[in-house]
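One structure is given here, and the rest of the page talks about it.
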Amino acid sequence: MKVKILSHTPEPEKVISMAAKLCYSAVGVDQIEENLTPESIDKFLNMLISIGHESPLEHVSFTFAVEGISRACSHQIVRHRIASYSQQSQRYVKLNQFEYIIPHHINEIDEARELFIETMKKDQEAYDKLVEILFEKHYNKLIKSGKNEKEAKRSAEKQAIEDARYVFPNACETKMVFTMNVRSLYNFLNHRCCERAQWEIRELSIEMLRQLKQVAPILFRNMGPNCVQGPCPEGNMTCGRIVEIREKFKNL
């Protein structure tokens, strides 16, 4: 798994402070930056977060590039709806040898790992064969319709991989670029850093948070699963390790 912050709103903590300052004082746009020292920004943001005034957080966004995650993971990511997503297309990109993610528990058992890898090989073989069969059908049809050879090959391959991709598993590796504002990131991290989150998206969210803390340490100082700042909301399904979890994210 690779995670990288591609870009973000310049001076993210200052921008949010200015937006919030406008809400609580009589200043105009020309005075909005006055007296915003690093110390005052720290104090102001801590106050803002503590009272739960989150709308100013929406003025700052972060864009991430991610690769080496499964389609199972990407399906969970896109459930966070207030965000923008771009994902590598299996419709336009022919996968001559698809990469795949092996879950940790499967990888730890020889028999399970061998079965998993063999299944992935069969999926690739099925994909290749389907592409071959479908390509021939579409190519012949296009030639008969009057297309030249170059156009027919290009269009036939596209149509072939469009349907052949259906045999690929959830384990199939994918790449994404996505953008979230800070308010959406708080929600994402609260849910996905939790021990009850699926392991892959939890690893992703923790690495995202580690990098976010480097860029905006005040904004993400106390971020992590919900139990970092309050009681565990999981009820009987709690992991029961709240002290350990709080220490982990404090030192992330």
Side-chain angles (χ1 to χ4, degrees), residues 1-4 6 63-81 83-180 188 191-192 194-208:
M1 181 186 296
K2 293 182 180 179
V3 183
K4 182 179 181 181
L6 291 182
T63 298
F64 294 86
V66 179
E67 69 175 63
I69 60 171
S70 69
R71 285 264 168 173
C73 183
S74 69
H75 294 339
Q76 295 177 76
I77 295 172
V78 298
R79 289 174 188 166
H80 294 267
R81 296 186 295 277
S84 300
Y85 301 102
S86 299
Q87 185 170 13
Q88 187 179 74
S89 174
Q90 291 179 344
R91 185 183 180 197
Y92 291 97
V93 179
K94 184 180 179 183
L95 300 181
N96 294 316
Q97 179 55 63
F98 80 94
E99 301 292 333
Y100 50 85
I101 309 304
I102 305 179
H104 301 319
H105 292 305
I106 291 178
N107 200 42
E108 291 168 355
I109 305 170
D110 291 342
E111 182 181 6
R113 183 174 62 255
E114 291 172 7
L115 176 60
F116 188 91
I117 292 173
E118 183 61 30
T119 302
M120 298 300 105
K121 290 179 180 178
K122 290 179 180 178
D123 284 340
Q124 182 70 59
E125 291 169 1
Y127 173 80
D128 293 341
K129 187 62 177 177
L130 284 168
V131 170
E132 180 184 334
I133 294 169
L134 292 168
F135 175 85
E136 183 177 1
K137 173 190 174 182
H138 296 308
Y139 177 77
N140 291 333
K141 183 178 180 180
L142 289 163
I143 290 294
K144 288 180 181 179
S145 72
K147 295 286 186 182
N148 63 49
E149 184 177 347
K150 183 178 180 180
E151 292 176 339
K153 283 183 177 179
R154 183 173 63 247
S155 183
E157 180 176 87
K158 178 182 176 297
Q159 292 181 61
I161 65 176
E162 183 176 62
D163 288 339
R165 63 182 171 148
Y166 278 73
V167 300
F168 282 136
N170 274 333
C172 190
E173 188 266 353
T174 191
K175 301 170 179 63
M176 297 182 72
V177 170
F178 57 90
T179 301
M180 293 182 179
F188 181 88
H191 286 86
R192 302 306 185 174
C194 177
E195 289 296 298
R196 291 200 64 244
Q198 188 256 356
W199 66 268
E200 191 178 8
I201 198 169
R202 184 172 67 248
E203 290 182 5
L204 168 65
S205 64
I206 291 173
E207 177 57 24
M208 287 169 59

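For this chain, numbers begin at 1 and follow the sequence in order.
Ring orientation note: the planes of H191 and H80 are nearly perpendicular, at an angle over 60° on the 30°/60° scale.
For the residue pair P103 and W199, the shortest heavy atom distance occurs at CA-CZ2, 3.4 Å. Annotation for L142 and A152: closest pair CD1-O, 3.5 Å, computed over non-hydrogen atoms. For the pair A197 and I201, the tightest heavy-atom approach, listed with the atom from each and the gap, is CB-CG2, 4.3 Å. The minimum heavy-atom distance linking L115 with T119 is given by the pair O-OG1, 2.8 Å. In plain terms, the two heavy atoms of F64 and V3 that are nearest each other are CD2-CG1, 4.1 Å. Between Y85 and I77, the shortest heavy-atom distance links the atoms OH-O, 2.9 Å.
No more than 12 heavy atoms of other residues, nucleotides or ligands sit less than 6.0 Å from atom CD of E99. Enclosure of atom NE2 in H105 is not indicated, since only 12 or fewer non-hydrogen atoms of other residues, nucleotides or ligands lie within 6.0 angstrom. For E136, the CD atom counts as loosely surrounded, since its 6.0 Å shell holds 12 or fewer non-hydrogen atoms of other residues, nucleotides or ligands. Within 6.0 Å of the NZ atom in K122, the count of heavy atoms belonging to other residues, nucleotides or ligands does not exceed 12.
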Practice problem: Quick one: do E114 and E118 satisfy side chain to side chain contact (heavy atoms under 4.5 Å, CB included)? Show the steps, please. | Solution: CA-CA 6 Å; E114 291 172 7; E118 183 61 30; over 6 Å; no

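Side chains of E200 and M1 form a contact here, defined as non-hydrogen atoms less than 4.5 Å apart. Contact check for L95 versus C172: side-chain heavy atoms found under the 4.5 Å cut-off. With a 4.5 Å cut-off on side-chain heavy atoms, E203 and I206 do not count as touching. Counting only heavy atoms from C-beta outward, the side chains of K141 and K144 never approach each other to under 4.5 Å.
Within the structure, side-chain hydrogen bond (donor to acceptor under 3.5 Å, both in side chains) contacts touching residues 163-174 (residues at least two apart or in different chains) are Q87-T174, E173-K175. Residue pairs meeting the salt bridge (Lys or Arg N to Asp or Glu O under 4.0 Å) criterion with at least one member in residues 83-92, sequence neighbours excluded, are R91-E162.
Note that the CD1 atom of I161 and the OH atom of Y92 stand 9.5 Å from one another [nearest 0.5 Å]. Put simply, CE on M176 and CD1 on I69 are 6.0 Å apart, with the number rounded to the nearest 0.5 Å. Taking CZ from R79 and CZ from R192, the interatomic distance works out to 6.5 Å, rounded to the nearest 0.5 Å. Taken from CD1 in I133 to NZ in K137, the straight-line distance is 11.0 Å, to the nearest 0.5 Å. One distance of note links CG of N107 with CD1 of I102; it measures 5.0 Å at 0.5 Å rounding. We find the CD1-CD distance between I143 and E151 to be 9.5 Å, quoted to the nearest 0.5 Å.
A donor-acceptor contact under 3.5 angstrom links the side chains of Q159 and S155, judged on distance only.
Checked against the 6.0 Å centroid threshold, F98 and F168 count as a close aromatic pair.
Under the 3.5 Å distance criterion, the side-chain polar atoms of S70 are left unmatched by any main-chain donor or acceptor of I101.
A salt bridge links K153 with E149: the distance from a Lys NZ or Arg NE/NH1/NH2 to an Asp or Glu carboxylate oxygen falls below 4.0 Å.
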